[in-house]
*Asks:* 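This is the structure, below, for whatever I ask next.
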Amino acid sequence: MADKQISLPAKLINGGIAGLIGVTCVFPIDLAKTRLQNQQNGSRLYTSMSDCLIKTIRSEGYFGMYRGAAVNLTLVTPEKAIKLAANDFFRHHLSTDGKLTLFREMLAGCGAGTCQVIVTTPMEMLKIQLQDAGRLGKMKLHPDGSLAKNEMYAAQRKLMPETVAAGSVETKSSTAMQITRELLREKGIAGLYKGLGATLLRDVPFSMIYFPLFANLNNLGKRGVDGPAPFYVSFISGCIAGSSAAVAVNPVDVIKTRLQSLNRGNTEDTYSGVTDCIRKIMRNEGPAAFLKGAYCRALVIAPLFGIAQVVYFLGVGEFILSFLPKKGH
């Protein structure tokens with residue numbers, strides 16, 4: 001994107017459209033990722049991504065897979081717009097005669113990742129509460145899918161109260177607006193930014209890996225020295241770079257997910273910070289726990305960024321802006 005000068009309004013439109021399309025396509029996998037990452041030893045409902053999605057559909061219906069999607073769809077436009085536009089901005093100002101060293105590419109990615117957490121942190125905070133509500137509200141399942149009597153995740157829930165009927169569990173999940181109001185009332189703006197440090201630790205390295213890797217992979221597919229790469233090259237480059245960066249930072253994503261989950265089952269650990277979270281996961285679940293949901297995250301990020309790059313390079317934003325009246329007309 002460094003060699004393609006695009007106006008800021010076009011960048012914002014491209015990033016927003018790409019985010020909306022991408023989130024709609026991959027959100028069920030993202031929900032599975034959150035629930036798998038939040039599972040602790042002794043409180044496992046799901047054995048895999050497919051098992052999680054099947055059980056979610058059975059117990060919560062098809063739209064249960066889209067719990068929290070409204071938050072993402074609302075905030076993904078500014079989040080993706082900031083990420084893509086900030087990376088372009090930093091690449092442009094760090095380049096010398098249109099050239100960037102690998103270090104400066106990583107520096108631009110670092111700037112983009114730092115800027116995006118303004119929106120990413122509260123978006124992830126709200127999304128995780130909504131995505132994990134179904135897991136917390138379910139009775140523990142045996143491997144064959146039958147309900148185990150008298151076993152329930154008795155989460156202490158101010159934000160998402162449960163009502164338990166005889167032989168069944170009915171969960172009344174709060175909406176994103178209710179959770180937001182509750183957090184603002186109890187903790188102020190800091191409540192929405194819980195897990196900010198972990199989000200920075202995830203998004204900054206992600207962008208430092210993703211953007212340079214994408215740019216260099218995309219350059220390999222260019223037509224000639226100055227010609228643009230075909231859209232399929234941009235798509236494949238976005239998928240490879242996105243999935244690689246996603247797996248690389250997955251341990252931090254697990255920590256971030258655990259820290260931002262406000263409600264827990266009565267047998268599940270709570271965490272006071274990043275260091276405490278790392279220590280307890282290592283002690284109780286082992287190093288492998290940091291890879292929970294890694295393949296789900298790769299499956300989410302790959303098409304998300306592939307779609308983003310195709311929309312960006314096809315110039316959808318520029319096309320839309322071409323219909324607006326020009327100044328002086």
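All figures in this text were calculated on a predicted structure; none of them were measured in a lab.
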*Asks:* Enter the distance from Cys115:SG to Phe90:CZ here, rounded to the nearest 0.5 Å.
*Replies:* 4.5 Å

*Asks:* Salt bridge check: are Arg35 and Glu60 linked by an N-O gap of less than 4.0 Å?
*Replies:* yes

*Asks:* Evaluate Lys256 against Ile128 for side-chain contact (heavy atoms from CB on, under 4.5 Å), listing each step before the verdict.
*Replies:* CA-CA 10 Å; Lys256 183 198 72 67; Ile128 285 170; 3.5 Å; yes

*Asks:* For Ser261 and Asp132, test the side chains for any donor-to-acceptor distance below 3.5 angstrom and give the result as yes or no.
*Replies:* no

*Asks:* Contact between Thr121 and Leu192 at the side-chain level, heavy atoms closer than 4.5 Å - yes or no?
*Replies:* no

*Asks:* Check this for me: does any side-chain nitrogen of one of Asp269 and Arg258 sit under 4.0 Å from a carboxylate oxygen of the other?
*Replies:* no

*Asks:* Answer yes or no: is there an ion pair linking Glu124 with Arg202, defined by an N-O contact shorter than 4.0 Å?
*Replies:* yes

*Asks:* I'd like to know whether Leu299 forms a side-chain contact (heavy atoms from CB on, under 4.5 Å) with Val26, so could you lay out the CA-CA distance, the side-chain angles of the two residues, the decisive distance to 0.1 Å, and finally the verdict.
*Replies:* CA-CA 8 Å; Leu299 288 174; Val26 303; over 6 Å; no

*Asks:* Could you go through the side-chain contact (heavy atoms from CB on, under 4.5 Å) check for Glu285 and Lys292 one step at a time?
*Replies:* CA-CA 11 Å; Glu285 302 171 64; Lys292 284 184 176 181; 2.9 Å; yes

*Asks:* Are Tyr66 and Val23 side-chain neighbours, meaning at least one heavy-atom pair lies under 4.5 Å?
*Replies:* no

*Asks:* With side-chain contact (heavy atoms from CB on, under 4.5 Å) as the criterion, how do Ile255 and Phe290 come out once you've worked through the C-alpha distance, each side chain's angles and the decisive distance to 0.1 Å?
*Replies:* CA-CA 8 Å; Ile255 295 166; Phe290 291 105; 4.0 Å; yes

*Asks:* So, do Val247 and Arg297 sit near enough that their side-chain heavy atoms are less than 4.5 Å apart?
*Replies:* no

*Asks:* Return yes if a side-chain donor-acceptor contact under 3.5 Å exists between Asp30 and Gln131, otherwise no.
*Replies:* yes

*Asks:* Are Thr96 and Arg104 close enough that a side-chain donor and a side-chain acceptor fall under 3.5 Å?
*Replies:* yes

*Asks:* Does any part of the side chain of Val249, heavy atoms only, come nearer than 4.5 Å to the side chain of Asp253, both counted from C-beta?
*Replies:* no

*Asks:* Does Arg91 come within less than 4.0 Å of Asp88, counting only side-chain N to carboxylate O?
*Replies:* no

*Asks:* Do Gln40 and Asn284 have side-chain N/O donor and acceptor atoms under 3.5 Å apart?
*Replies:* no

*Asks:* Will you find, in the side chains of Thr120 and Gln116, an N or O donor that is under 3.5 Å from an N or O acceptor?
*Replies:* yes

*Asks:* Is there a path of hydrophobic side-chain contacts, each under 4.5 Å between heavy atoms, that joins Tyr62 and Ile29?
*Replies:* yes

*Asks:* What's the spacing between Tyr46 OH and Gln39 CD if we round to 0.5 Å?
*Replies:* 7.0 Å

*Asks:* Please tell me whether Glu318 and Asn14 have a donor and an acceptor in their side chains that are separated by less than 3.5 angstrom.
*Replies:* yes

*Asks:* With side chains defined as the heavy atoms from C-beta onward, is the minimum distance between Phe211 and Met208 less than 4.5 Å?
*Replies:* no

*Asks:* Without hydrogens or angle criteria, can the side chains of Glu105 and Asn216 be said to hold a donor-acceptor pair below 3.5 Å?
*Replies:* yes

